[in-house]
Amino acid sequence: MKRLGVFICHCGVNIAGTVDVKSVAEKTGRVEDVAHSADYIYMCSEPGQQIIREAIRERGLEGVVVACCSPSMHENTFRKAVKSEGMNPYLCEIANIREQCSWVHQKEKTKATEKAEEIILATLEKVRENEKLEAISVSINRSAGVIGGGIAGMTAALDLAEGGYEVLLIEKEQALGGHMTQLSKTFPDLHPALPDLLAKAREIERHPKIDLHCYSEMEDVKGYVGNFELTIRKKATSVDWGRCNGCGLCIRDCPVEYVSPFERGLGVRKAIDLLYPGSVPQKPVIRRDHCRYFHDGSCRKCEEVCPEKAIRFDQQDERIGKKVGAIVVATGFELYPTEQLGEYGYGEIPDVIDGLALERMFSVDGPTQGRIIRPSDGTVPKEIVFIQCVASRDPDRYMPYCSRICCMYTAKQAKIYKEQVPDGQPYIFYMDIRADAKGYEEFLQKTIEEKGLLYLRGRVSRVFQDDGKVRILGVDTLTGKMVEVAADMVVLATAIVPSQGVKDLASKLRATVDRHGFLTEAHIKLYPVESSTKGIYLAGCGQSPKDISDTVSQASATASKIQALLSTDQLLQDPLIAFVDENICSGCGICVEVCPYEAREMNSRRGISVVHSALCQGCGACIAACPNFACELRNSSSVQTLRMLETFV
Amino acid sequence: MDYLYFPGCTLYTKAKNFDQTARDCSLLLGFQLKELPNWTCCGATFPLATDNIMALLPPSRILARAREEGTTLTTLCSVCFNVIKRTNRLIRNDGDKRDTINNFMETNYQGDLRVLHYLEILKQDVGFPRIQEKMKKPLTGLKAAPYYGCMLLRPFEEMEFDDKEKPTLFEGFLEAMGAEAIDFPYKIECCGSFQSVGSPEVATECGYKILGSAVKNGAEVVVSTCPLCTFNIDHKQADIKQKYLDFKPIPVLYFTQLLGIAMGLDYQTLGFGQNFVDPLPLLKGKGFI
Ligand SMILES: Cc1cc2nc3c(=O)[nH]c(=O)nc-3n(C[C@H](O)[C@H](O)[C@H](O)COP(=O)(O)OP(=O)(O)OC[C@H]3O[C@@H](n4cnc5c(N)ncnc54)[C@H](O)[C@@H]3O)c2cc1C
Ligand code: SF4
Ligand code: SF4
């Protein structure tokens with residue numbers, strides 16, 4: 001018979017206010033093998049832990065039940081405490097009498113007290129049969145993979161590489177930088193976006209520790225924290241980048257132009273081109289859907305002119321395998337598909353554009369060389385309307401959340417506009433102004449005052465074309481008046497949504513996304529950069545909308561978390577996983593099918609199923625599925641579970 | 001097939017021409033409007049306060065009585081349609097309110113009527129191709145602006161009438177009759193509604209903008225689905241003209257009046273005397289009569 005101890009926490013009044021802890025301690029103390037029982041106001045505090053440690057030492061305890069809050073709060077705390085007295089930590093169990101008892105039965109004190117007792121008695125049953133277990137140690141690959149080469153992915157990759165780790169960086173476009181490459185100047189300091197970004201990008205391109213794969217996507221992933229195996233599809237660029245010297249002659253001579261999504265429909269690219277001028281890497285790609293050669297076998301101008309003989313019309317997609325220990329998902333954002341916003345006339349009225357299109361206009365390397373003009377006739381707009389919260393904060397029809405950056409970039413854009421067109425009038429329809437980061441409110445106030453921006457608090461109900469103008473009907477809720485503006489141009493600050501394909505990617509990585517497709521963190525406050533799957537980390541707008549400085553901070557936080565993970569070459573895993581009784585297993589393979597973590601495998605030689613201990617998460621699916629009762633979960637055996645149940649019924 | 005028909009108050013007074021033409025057209029299209037016995041006013045507004053159950057009683061009473069007579073209820077007036085359809089939906093989906101209403105009225109109505117606007121019957125049950133077949137005088141060359149107003153469409157999720165921002169049902173109907181549907185930005189803006197009682201200048205401005213926008217986009221006639229809209233944008237044309245010197249009156253017709261012309265009904269039975277602008281010169285000019 002083991003000598004057991006029971007320790008009951010008051011949690012201030014959280015438990016003791018409902019459960020009669022003294023009587024519970026007294027009653028459980030009378031159980032035959034309970035050698036010691038005690039209660040205390042805060043068991044998790046240092047004096048509380050001291051009580052447990054002393055009891056183990058003085059009473060020679062061989063198993064401990066702490067009746068307190070949820071095990072997700074303090075299981076670790078108490079297991080460490082018993083371990084310091086030489087007890088195997090897996091002989092310490094939590095009886096949750098707060099979330100599962102006192103909090104839910106505040107009005108039924110007697111019953112709550114009885115229930116607390118039962119929970120403790122059941123947990124005692126478990127501890128009686130618990131085995132001593134050791135953490136499983138797994139060797140890890142001390143390198144990281146980063147998916148997405150926007151400012152988030154770039155920052156994480158550089159931080160990790162500077163920390164001495166090998167980094168694999170995968171970007172689906174042909175060049176680095178993400179949306180920042182489309183921006184003109186950035187708030188709050190109005191620095192041009194590109195120079196600093198490109199400096200970072202070049203550093204990445206040259207970095208000996210960074211293995212950069214542009215125009216590539218992660219196709220498959222196997223393995224687990226510390227040991228991921230990635231399959232990367234390198235899409236055919238039709239150009240041998242190893243030979244290409246970036247001279248641009250092919251681009252000059254290519255006869256095909258198409259409307260470029262990068263320029264938001266305002267500019268063109270050649271069928272062979274860079275993503276943006278001066279891109280990093282400065283290597284062109286042939287867009288096969290536009291290229292004449294791929295259309296009818298003709299042309300081949302680029303091939304003729306290329307001095308390095310780098311054009312490869314016959315290049316195929318290539319698949320490569322890479323191993324990493326951790327993965328950062330930094331897949332960024334997209335703007336809400338504006339075509340779906342009928343009431344704002346987008347797509348129908350050429351002078352209604354979105355924020356990114358205006359950024360392109362304001363960019364000196366953009367389609368209008370930095371000048372704002374009306375797409376319909378090329379004139380300078382004298383009255384311009386900005387509409388904020390388009391498809392954001394609209395739970396009935398679009399996205400319920402705030403996109404966070406639009407207030408600031410709208411003010412920025414209105415400011416740049418006023419500097420270019422001093423006699424122009426910007427009108428800004430807004431719901432609230434959210435300018436909560438460092439220097440933002442000051443930037444906003446200064447801009448409004450100096451530039452005479454006209455802020456109208458209210459929504460727009462209709463946008464239509466009228467006599468060559470864009471007429472906007474809306475309301476100013478501060479004056480309670482309907483507003484009608486005949487504008488030359490309208491700029492929509494559309495909602496930030498996760499990039500396409502992220503749901504797919506997340507399911508391959510077994511990471512979760514919320515209902516909008518943003519990646520979910522393990523804990524919104526305490527583990528904001530970890531996903532709920534071990535070894536998968538988050539950074540940037542793929543997790544939630546944010547500006548550049550928040551993106552960079554988060555990416556660096558992610559990188560330092562990963563550096564901590566990779567700082568040793570062994571990883572300790574919880575041993576509370578499944579195991580197979582080899583004498584009973586008939587080799588039917590049902591568990592292999594059922595395991596959501598691919599942790600089961602058939603050993604064909606021995607004709608039985610085995611558990612991959614590093615992959616098993618202890619979910620218990622195979623235990624329920626096994627028709628022969630051949631699998632068990634360590635320290636949650638069927639015997640233990642049945643005995644616990646008997647306590648209750 | 002027969003449809004239970006709730007006319008509503010105006011259809012017996014200011015909008016007699018709407019009522020009569022709708023009944024006549026239905027016979028030509030092969031269905032009948034069976035007027036509800038003992039009908040009462042629909043209440044005229046759907047209450048905004050969620051606990052204002054009293055205001056739900058008039059439409060609930062109409063619905064409960066209609067259910068005793070059949071399964072499909074139709075209206076012509078967009079306001080009645082709005083009030084009755086939304087009440088029906090509420091009774092169907094909200095068990096508590098359903099019980100309160102039924103207990104008070106001593107009825108047992110479950111919200112299972114199909115409530116349709118006459119235009120929906122034409123689209124869903126008759127079908128535009130059938131209408132096309134019935135054309136005696138297709139309205140070829142007539143530039144007609146479909147004015148939806150708001151009550152047919154809003155709130156979108158409750159009315160489920162057509163696309164929330166860009167409805168096309170009305171256009172489809174006009175085109176089935178051979179007319180050219182004129183798109184204009186004010187086609188789903190409010191007519192001013194009951195403001196014409198308390199602040200008539202508000203309604204006048206609405207009418208001015210709606211008709212002006214239709215004319216600017218090339219309309220020769222504006223087509224209405226609702227007596228209240230018609231009151232504000234048609235019957236008030238004299239007031240609009242007085243206030244806005246550049247305003248040019250334009251014929252505003254009910255869609256059933258146009259349908260009557262196109263199906264070859266005698267124009268003298270179409271009640272044009274109740275319309276502010278006599279449409280006969282236009283219709284004669286186009287050779288429809
Ligand atoms: C109009 C506008 C103006 C703005 N102005 C400012 C400003 O003035 N100041 C400011 O601080 N912020 C501004 N922002 C916000 C800024 O753009 C973002 O904070 C920043 O771009 C976020 O970086 P990111 O790396 O998270 O995402 P992104 O920039 O979207 O980068 C994500 C990258 O991941 C890649 N990717 C996506 N999916 C995959 C995949 N499956 N596999 C591989 N790669 C993938 C994408 O191609 C992209 O390169 C503005 C945003 C907009 C829309
Ligand atoms: S072969 Fe294709 S990419 Fe090359 S120049 Fe011709 S169209 Fe452009
Ligand atoms: S416990 Fe879950 S994760 Fe482990 S082998 Fe069984 S099914 Fe797979």
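Chain A is the first sequence line, chain B the second, and so forth, proteins listed ahead of strands; every chain is numbered from 1. Everything numeric here is computed off the predicted structure, so don't read it as measured data.
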- Contact part of B/Glu157 toward chain A, heavy-atom cut-off under 4.5 Å: side chain, backbone, both or neither? neither
- Message: Other residues, nucleotides and ligands only: do more than 12 of their heavy atoms fall within 6.0 Å of NZ on B/Lys216?
- Response: yes
- Query: Of the backbone (N, CA, C, O) and the side chain (C-beta and beyond), which part of A/Asp466 lies under 4.5 Å from a heavy atom of chain B, both, or neither?
  - Reply: side chain
- Check: A/Phe464 ring centroid to B/Tyr186 ring centroid under 6.0 Å: yes
- Message: Surrounding NZ of A/Lys415 (heavy atoms of other residues, nucleotides or ligands, distance under 6.0 Å), is the total greater than 12?
- Response: yes
- Crowded around A/Gln500 CD? As in, over 12 foreign heavy atoms under 6.0 Å? no
- Message: More than 12 heavy atoms of other residues, nucleotides or ligands under 6.0 Å from CD of B/Gln110: yes or no?
- Response: yes
- Interatomic distance, CZ@A/Arg471 vs NZ@B/Lys209, rounded to 0.5 Å, equals 8.0 Å
- At what distance, to the nearest 0.5 angstrom, does CE of A/Met482 lie from SG of B/Cys206? 8.0 Å
- Query: Should we say atom NZ of B/Lys14 is surrounded by more than 12 heavy atoms from elsewhere, each under 6.0 Å from it?
  - Reply: no
